[in-house]
There are 2 protein chains.
Amino acid sequence: MDSSHPTENDPAEQPAGTASCFPATSPELDALVREIIARVADKWTMLVLEILEEHGVVRFTRLGKMVHGISQKMLTKTLRQMESDGLVLRTIHPVIPPHVEYALTGLGHSLSAAFCGVWIWAETHQEEIFAARRRFQNRS
Amino acid sequence: MDSSHPTENDPAEQPAGTASCFPATSPELDALVREIIARVADKWTMLVLEILEEHGVVRFTRLGKMVHGISQKMLTKTLRQMESDGLVLRTIHPVIPPHVEYALTGLGHSLSAAFCGVWIWAETHQEEIFAARRRFQNRS
DNA sequence: CTGCATCCCAAAGGATACTG
DNA sequence: CAGTATCCTTTGGGATGCAG
């Protein structure tokens, strides 16, 4: 925002012409959107989202086995957070032993769909990424 | 918002009928894709990505001011990681004082585009999310 | 101006034990 | 089976100081 030094004026300050899809409407909305993304782009949240998208209704213990490496503690925490955000529906069957089922809500499915682009990007460009890493590592 | 999605009480294990875009080809590829997403979905990475997408070529200190709340340490770390992943290009002008510019690579721009869907999703559904949180908080 | 190194605190997260 | 509670290790990340 400070343009008090004319000698440092870069002509390359333009938005490169690409599709800038970022809302950037108001600072508050921007902050809200970021907060939502930060929660949702969490490692475990994404994995649980994928599993539920692919398998529909899944019980707690089975879900834990399908999400590789997650601890019971984090599974519970992640599911509670997703439930509070309206992404998953938690159904308790009051029987003994307890039977609790988890499934995506409509909102959860829509998020899953929105993330498709990122998954496809990662799959498409993985070679480039690893090549870049090798290049970066081998520079002296 | 609440009546727009079908009931999720289908006990069947089939993929809910939605566009399951997840690759899920081989376990290894799946793990690689997840690793990439986990790195890229990092809080600071996303913010830096957005800033560079919107402003093109930006210098270090200015970038730090634009990414609200980031410390110099995390800015450096984030930029190094993005550089090693081939997302940003780092240009050093050997003058005194030092002059270092950062800009997105083609890969970086493509990632930015891929994230569009998530940004739009967050903006579109923020009301639903906050409503769900309120509902969850006031549960008996 | 850029950025590395250090110290230090807070948060994330795993392991284990216990409960309805 | 589906959690909760506790302990403890690891990591994230801010603050400061210094160097090129």
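Quick caveat: nothing in here was measured; it's all calculated off a predicted structure. Proteins get letters first, then strands, A, B, ... in listed order; numbering begins at 1 in each.
For D/dG3, the base has a donor-acceptor partner in the side chain of A/Gln72 [N/O atoms by modelled type, under 3.5 angstrom].
In this structure, the CG atom of B/Leu79 is 16 Å from the P atom of C/dC1, given to the nearest Å. For B/Glu83 and C/dT2, the CD to P distance is 15 Å, given to the nearest whole Å. If you take CG of A/Asp42 and P of C/dA11, they are 17 Å apart, rounded to a whole angstrom. Taking atom CH2 on B/Trp44 and atom P on D/dG14, their separation rounds to 6 Å, with Å as the unit. The distance from atom CG of A/Leu63 to atom P of D/dG3 is 10 Å, rounded to the nearest whole Å. Atom NZ of B/Lys73 and atom C1' of D/dG13 are 6 Å apart (whole Å). Nucleotide D/dG13 holds its C1' atom 15 Å from the NE2 atom of B/His68, rounded to whole Å. As a whole-Å value, the separation of A/Arg39 CZ from C/dA12 P is 11 Å.
Looking at A/Arg39 and A/Thr45, their side chains never come closer than 4.5 Å, going by heavy atoms from C-beta outward.
In summary, B/Arg133 and B/Glu127 do not engage in a salt bridge, as defined by a charged side-chain N under 4.0 Å from a carboxylate O.
With hydrogens and angles disregarded, a donor-acceptor distance shorter than 3.5 Å links the side chain of B/Arg139 to the backbone of B/Phe136.
Counting only heavy atoms from C-beta on, B/Pro98 has its side chain closest to C/dT2 among C/dC7, C/dA15, C/dT2. Considering only side-chain atoms of A/Met74, the nucleotide from C/dG14, D/dG13, C/dT2 that sits closest is C/dG14. Of the candidate nucleotides C/dG14, D/dG3, C/dT2, C/dT2 has the atom lying nearest to any side-chain atom of B/Arg59. With D/dG3, C/dG3, D/dC1 as the candidates, the nucleotide lying closest to the side chain of A/Arg90 is D/dG3. Each of C/dG14, C/dT2, D/dG12 was ranked by its minimum atom distance to the side chain of B/Lys77; first place goes to D/dG12. Minimum atom distance to the side chain of B/Thr76 is reached by C/dG3, of the listed C/dG3, D/dG3, D/dC1.
Both A/Ile92 and A/Tyr102 belong to a single network of hydrophobic side chains, linked directly or stepwise wherever heavy atoms of I, L, V, M, F, W or Y lie under 4.5 Å apart. A single hydrophobic cluster is seen to contain both B/Val88 and B/Met66, as judged by linkage of ILVMFWY side chains at heavy-atom distances under 4.5 Å, directly or through other members.
Heavy atoms of other residues, nucleotides or ligands lying less than 6.0 angstrom from NE2 of B/His68 number 12 at most.
Taken over five-pair windows at either terminus, the axes of the helix from C/dC1-D/dG20 to C/dG20-D/dC1 are inclined to one another by 40° (rounded to 10 degrees).
Residue B/Arg80 places at least one side-chain N or O closer than 4.0 Å to OP1 or OP2 of C/dG3. Between A/Tyr102 and the phosphate of D/dG3, there is a side-chain N or O to OP1/OP2 separation shorter than 4.0 Å.
No option in B/Glu101, B/His93, B/His99 other than B/His99 meets the side-chain hydrogen bond (donor to acceptor under 3.5 Å, both in side chains) test with B/Arg59.
Rounding to the nearest 0.5 Å gives a distance of 10.0 Å between NE2 of A/His125 and CD1 of B/Ile36.
Residue-to-nucleotide proximity on DNA chain C shows that, of A/Ser71 and B/Ile92, the 5′-proximal contact is made by B/Ile92.
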